[in-house]
2 protein chains.
Amino acid sequence: MTSLDPGSHRCVELSQHLRWIGDRWTLPIVVTLQPGARRFNELRRAVPGISQQMLTRTLRALERDGLVCREVYPTTPPKVEYRLTSMGASLAAQGRELGGWVESHLASLTASRAAFDAKAEEED
Amino acid sequence: MTSLDPGSHRCVELSQHLRWIGDRWTLPIVVTLQPGARRFNELRRAVPGISQQMLTRTLRALERDGLVCREVYPTTPPKVEYRLTSMGASLAAQGRELGGWVESHLASLTASRAAFDAKAEEED
DNA sequence: CGGCATCCTAGCCGATACTG
DNA sequence: CAGTATCGGCTAGGATGCCG
């Protein structure tokens, strides 16, 4: 990945496409879909705290990006399943790695913040 | 990383801490600092498009998180250098991996979006 | 040179209500 | 069950101007 070398500023462009990582729900949803297809409300229950609307929006965005596949069964009541595409699955793997990094550094991160804030406060 | 297994919803919590990765400038800055220390305006020039304020803010946040170290030389004119801590360096590595993923899937992503939008439009 | 303070806008995100 | 529509708050982030 030579275009990510320092000096190449492709990373500025690429970071635009990484913004969905920062949003609240993309990664949780993708990781939740890793084991297999899930129905809408099933997914909703599986991702605690998400609103119906954000689930819809995030799923649409993922579908648009070809990371998630939406399948509608025209039964009554309607049944809609979501599953990862192969690209989505590879993203999930990346997401888990990233989560692993955060998890293993979370303690240091928190400690560092506390120290920084304490120092800032004592200077007042 | 068992706590990232589907079924564990730690990922919801962790995703909170991933938000700063999704912001526009964190990754570009961290990657730019990979080769070694840089001065403020040097960094500013090296990261095209960043405003002075966002550079300041992002660097402060990185410093607070213990990812970047700030060193002031009390000369005239003042000189300030920023360099990655070891934790910052490991984040840079993660960032490059992530960037690599995006880069290698960017074409598919873009194509998928175009197809999705075209289909949505024809349905009007 | 290397900042900080202020103002402003766009878009994320949540809550609520309604539909096939 | 699986959405869509609407409203509104919060905040990331850009522009500008001042300071040591």
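By convention in this document, chain letters (A, B, ...) are assigned in the order of the sequence lines, proteins followed by strands, and residues within each chain are numbered from 1.
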Roughly how many Å is it from [atom1] in [X] to [atom2] in [N], rounded to a whole number?
{"X": "B/D23", "N": "C/dA10", "atom1": "CG", "atom2": "C1'", "result": "16 Å"}
{"X": "B/R38", "N": "C/dG2", "atom1": "CZ", "atom2": "P", "result": "13 Å"}
{"X": "A/L55", "N": "C/dA15", "atom1": "CG", "atom2": "C1'", "result": "16 Å"}
{"X": "B/I29", "N": "D/dG13", "atom1": "CD1", "atom2": "P", "result": "11 Å"}
{"X": "B/R24", "N": "D/dA15", "atom1": "CZ", "atom2": "P", "result": "10 Å"}
{"X": "B/I21", "N": "D/dA12", "atom1": "CD1", "atom2": "P", "result": "15 Å"}
{"X": "A/K79", "N": "D/dG3", "atom1": "NZ", "atom2": "P", "result": "14 Å"}
{"X": "A/M54", "N": "C/dG11", "atom1": "CE", "atom2": "P", "result": "15 Å"}

Let's see if you can work this out: which of [options] has an atom nearest to the side-chain heavy atoms of [X]?
{"X": "A/F40", "options": "C/dG14, C/dG3, D/dA2", "value": "D/dA2"}
{"X": "A/Q52", "options": "C/dA17, C/dC4, D/dC1", "value": "C/dA17"}
{"X": "A/R70", "options": "C/dC1, D/dA2, C/dG3", "value": "D/dA2"}

Measuring to OP1 and OP2 of [N], would you say a side-chain N or O of [X] lies under 4.0 angstrom away?
{"X": "B/R19", "N": "C/dC12", "answer": "no"}
{"X": "B/R44", "N": "C/dG3", "answer": "no"}
{"X": "A/W25", "N": "C/dG14", "answer": "yes"}
{"X": "A/R39", "N": "D/dA2", "answer": "yes"}

- On DNA chain D, check which nucleotide each of B/P78 and A/P78 is closest to and give me the residue with the more 5' one. A/P78
- Message: Should the side chain of B/R57 and the base of D/dG13 be counted as holding a donor-acceptor pair, with the cut-off at 3.5 Å?
- Response: yes
- Task: Establish whether the base of C/dG3 is bridged to the side chain of B/Q53 by a donor-acceptor pair shorter than 3.5 Å.
- Result: no
- So, A/Y82 versus A/R38: side-chain donor-acceptor pair below 3.5 Å or not? no
- Have B/W101 and A/S90 got a donor and an acceptor in their side chains that come within less than 3.5 Å? yes
- Message: Using a 4.0 Å heavy-atom cut-off, does B/Y82 contact any base of the nucleic acid, only the sugar-phosphate backbone, or nothing at all?
- Response: sugar-phosphate
- Are the charged groups of A/E71 and A/R83 less than 4.0 angstrom apart, N to O? yes
- Check: B/T85 side chain, B/L67 main-chain N or O, donor-acceptor pair, under 3.5 Å: yes
- Query: Hey, does the side chain of A/D23 reach the backbone of A/T26 with a donor-acceptor pair shorter than 3.5 angstrom?
  - Reply: yes
